[in-house]
Chemist: 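Quick one: this structure, given as structure tokens, is what I'll be asking you about.
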Amino acid sequence: MMKKLLTIGLVLVLALLVASCGQSQQQAPKAEETIKIGVQGPISGDWALEGQGFVNAVTLLAEQVNAKGGLLGKKIEIIQGDDKGDPKEASLVAQKMVSSKVIAVLGAYNSSATEPASGIYNEAKILHITPSSTATKLTEKGYKLFFRTCFLDDRQGLFAADFITGTLGKKKVALIHDNTTYAKGLADWTKKYLEEKGATVVFNDAITPKEKDFTSTLTKVKSLDPEVIYFTGYFSEGGLLVRQARELGIKAIFMAGDANNNPDFVKNAGVQAAKGAIITTLPMPKDLPYNEAKQFIADYKAKYGKDPESIWTLTEADAFRLVVEAIEKTKSTDPVKLAEYLHTQLKDFPGITGPINYDEKGDRKGAGHTAYVIDEKGEFVLYKK
Amino acid sequence: MQQFFQQLVNGLTIGSIYALVALGYTMVYGILKMINFAHGELFMIGSFLAFTLIVSVGLMNIIPSPMVGLLIVFLFVACLVAILGVLLERTAYRPLRRSTRLAPLVSALGASIFLQNAIMLIYGGGYLVFPENLVPNINWNIGGVNIGLMRVLILFLSLSLMAALYLLVQKTRLGAAMRACSLDHDTARLMGINVDRIIALVFIIGPALGAIAGIMVGLYYRQINFTMGWAYGLRAFTAAILGGIGNIPGAMVGGLLLGVFETIGAGYVSAAWKDAISFLILILILILRPTGLLGERVAEKV
């Protein structure tokens, strides 16, 4: 009796073992059948909100794709990598991504974290799309698998020049910057595009940041009588500039670059002086006119109970949607083929942040910027002619 | 020509602030032969204290007349900063008075860093913005030159303060005592002058003037942050040297001139080059007149 029981017990154990073996054998290939996509960003640290926005956006979209049956019959698996916005951490995250065999990485947030990671991904032949790193040099290295869904700084210059000559119909422009790389770059690009469009730049010079009195520069600008003043520096000086310009009796339209897209601009200037000032910037998420954007923001709100963190949450979502589009069209998960598709065949992809096209360097063509004007209450509202 | 006069007005406004701050440097140097590097910080603290009174305490809402309210802000903050100045002298400079000349200098730099960081920790590192329309936004256009009410106030207040200080130093017994101290401490003491009290007086007047300049910057530009003491302090110090450090009318002339140089440089050459231009002028003046414009040749003591 005892023996019989023991035998039955043994058989049961064996059967269980075999069954579990069988299960694990079934599971192993299944795990490899997922498509792994990495999300890299500052999930903790100073820019944690942005990094968490990346993760939220991609998780939301991956769930939607998986619910519809996945891609090429496979589910998408998201691998998170927290680089804290730090270049050293970014390299470690990149190595971790490579060893987890992802086919694409979406990130990082800041250019200084994206740069070291991009070299590692390029060597490992992994598709790399950054949603927010705008440093020009990132696409100057000839990496074939590197793309971005944000626009370079020169596109804002292009937009500003179009806006001044086209929408406003003005020809005589004064540019003021503050000698920082960003502000001077934007001023120089704007000058180039303005001159191409037949406008004259009567003034292009720097003020000293952190100073408070710009009346000497503005008096000089006044004597040159421009129709538009475009300031490309930061809001702390921008607010003072517009107020002092009005105090000196300058009637020209005052425009400022995207670093002035900050409520403190109005606070510094005072509502009276700030009224009518025009800010060129990427649109706020709620102001995007595209159906894809409305759908994404509604889904995001339903899942997380809040609006997307910033425009970069949307460009990260676009990066993910690009990878999905490329996999669907090429029926492949080979990063090299995906990159080739994005470079050569992608045309006017309907992105959340507008149509997406790529040049040979992996930079996004066109300009996604828009103009806001400050109303009599000191609020930023979309500019309408 | 119209542009030139406008630049002149711009320059005099900036320059009169420099001059007020420069007085603090030059008075301390005149009496103690040391440079009070923390003076720029006292100027900055003046504007922060005014911000606290106006925004956090809501003084302007309690007092019905804005004129009276502002007057109280000016007097109260000037007194507070004067007390701070005396405290600074007691703690950071007086214990070192008999040591080498370098020690109080290092102590002054330390005090400057301490005050700057203390303000950053209390108020935060960002910009603070004064409310609008504390001073009515009135503008005059005189022959094409635009002048706002606040600029007229800045010019008027600084010039009258400077005139009052000049009279105090040149025409009163107290002023005579101050001048005596600046010549020789020991002899002054032999004449029955309480040198410590005169030094304390200098540390009351200088910081109070600095604080008034700080409040005016806050009221006019409306934007303050904890590093602004350094930028204004450096210019004011330069202005003091330009006019001849230790010389009170020299600080006034130096401040106004530096302001005008800056605006003329920015207006007629290039804004990016304006500091290079004004400092080039400073170097040229110092080569031709090493003691500054109004500085007298002092017999070398050391």
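First the proteins, then the strands, lettered A, B, ... as listed; each starts at 1.
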Chemist: Looking at A271(B) and T217(A), what are the two nearest heavy atoms and their distance?
Modeler: CB-OG1, 3.3 Å
Chemist: Side chain from CB out, backbone as N, CA, C, O: work out which of these in V145(B) comes under 4.5 Å of a heavy atom of chain A, or both, or neither.
Modeler: neither
Chemist: Just wondering, are more than 12 heavy atoms of other shown residues or ligands nearer than 6.0 Å to CH2 in W273(B)?
Modeler: no
Chemist: Measuring heavy-atom distances to chain A, does Y220(B) have an atom under 4.5 Å in its side chain, in its backbone, in both, or in neither?
Modeler: both
Chemist: Please tell me whether D213(A) and Y221(B) have a donor and an acceptor in their side chains that are separated by less than 3.5 angstrom.
Modeler: yes
Chemist: Ignoring hydrogens and angles, tell me if any N or O in the side chain of K220(A) forms a donor-acceptor pair with the backbone of Q3(B) under 3.5 Å.
Modeler: no
Chemist: Examine distances only and state if a side-chain atom of Q223(B) and a backbone atom of K212(A) form a donor-acceptor pair shorter than 3.5 Å.
Modeler: no
Chemist: Are the side chains of E211(A) and K274(B) in contact, using a 4.5 Å heavy-atom criterion?
Modeler: yes
Chemist: Are M228(B) and K210(A) close enough, and set up right, to give a side-chain contact (heavy atoms from CB on, under 4.5 Å), and what steps lead you there?
Modeler: CA-CA 8 Å; M228(B) 69 187 231; K210(A) 301 229 162 156; over 6 Å; no
Chemist: Tell me which of these, K222(A), E247(A), K267(A), has more heavy-atom pairs under 4.5 Å with chain B than the rest.
Modeler: E247(A)
Chemist: For the side-chain contact (heavy atoms from CB on, under 4.5 Å) test, which of N141(B), I147(B), N10(B), N139(B) pairs with L248(A)?
Modeler: N10(B)
Chemist: Checking the side chain of Q7(B) only, and the main-chain atoms of S216(A) only, is there a donor and an acceptor separated by less than 3.5 Å?
Modeler: yes
Chemist: Could you check T208(A) against D275(B) for side-chain hydrogen bond (donor to acceptor under 3.5 Å, both in side chains), going step by step and ending with a plain yes or no?
Modeler: CA-CA 9 Å; T208(A) 317; D275(B) 286 342; 4.5 Å; no
Chemist: What verdict does the side-chain contact (heavy atoms from CB on, under 4.5 Å) test give for T215(A) and Q6(B), after you've listed the backbone C-alpha separation in whole Å, the side-chain angles of each residue and the deciding distance to 0.1 Å?
Modeler: CA-CA 9 Å; T215(A) 46; Q6(B) 179 75 60; over 6 Å; no
Chemist: By a 4.5 Å heavy-atom criterion (distance strictly below it), what part of A269(A) contacts chain B: side chain, backbone, both, or neither?
Modeler: backbone
Chemist: Given the options A206(A), S236(A), S223(A), which has more heavy-atom pairs under 4.5 Å with chain B than any of the others?
Modeler: S236(A)
Chemist: Between T227(B) and chain A, which part of the residue has a heavy atom less than 4.5 Å away: side chain, backbone, both or neither?
Modeler: side chain
Chemist: State the CD1-OG1 distance between I264(B) and T219(A), to the nearest 0.5 angstrom.
Modeler: 10.0 Å
Chemist: What pair of heavy atoms forms the shortest contact from E132(B) to Q272(A), and how long is it?
Modeler: OE1-N, 4.2 Å
Chemist: Could you measure the distance from the CZ atom of F214(A) to the OG1 atom of T263(B)? Nearest 0.5 Å is fine.
Modeler: 14.0 Å
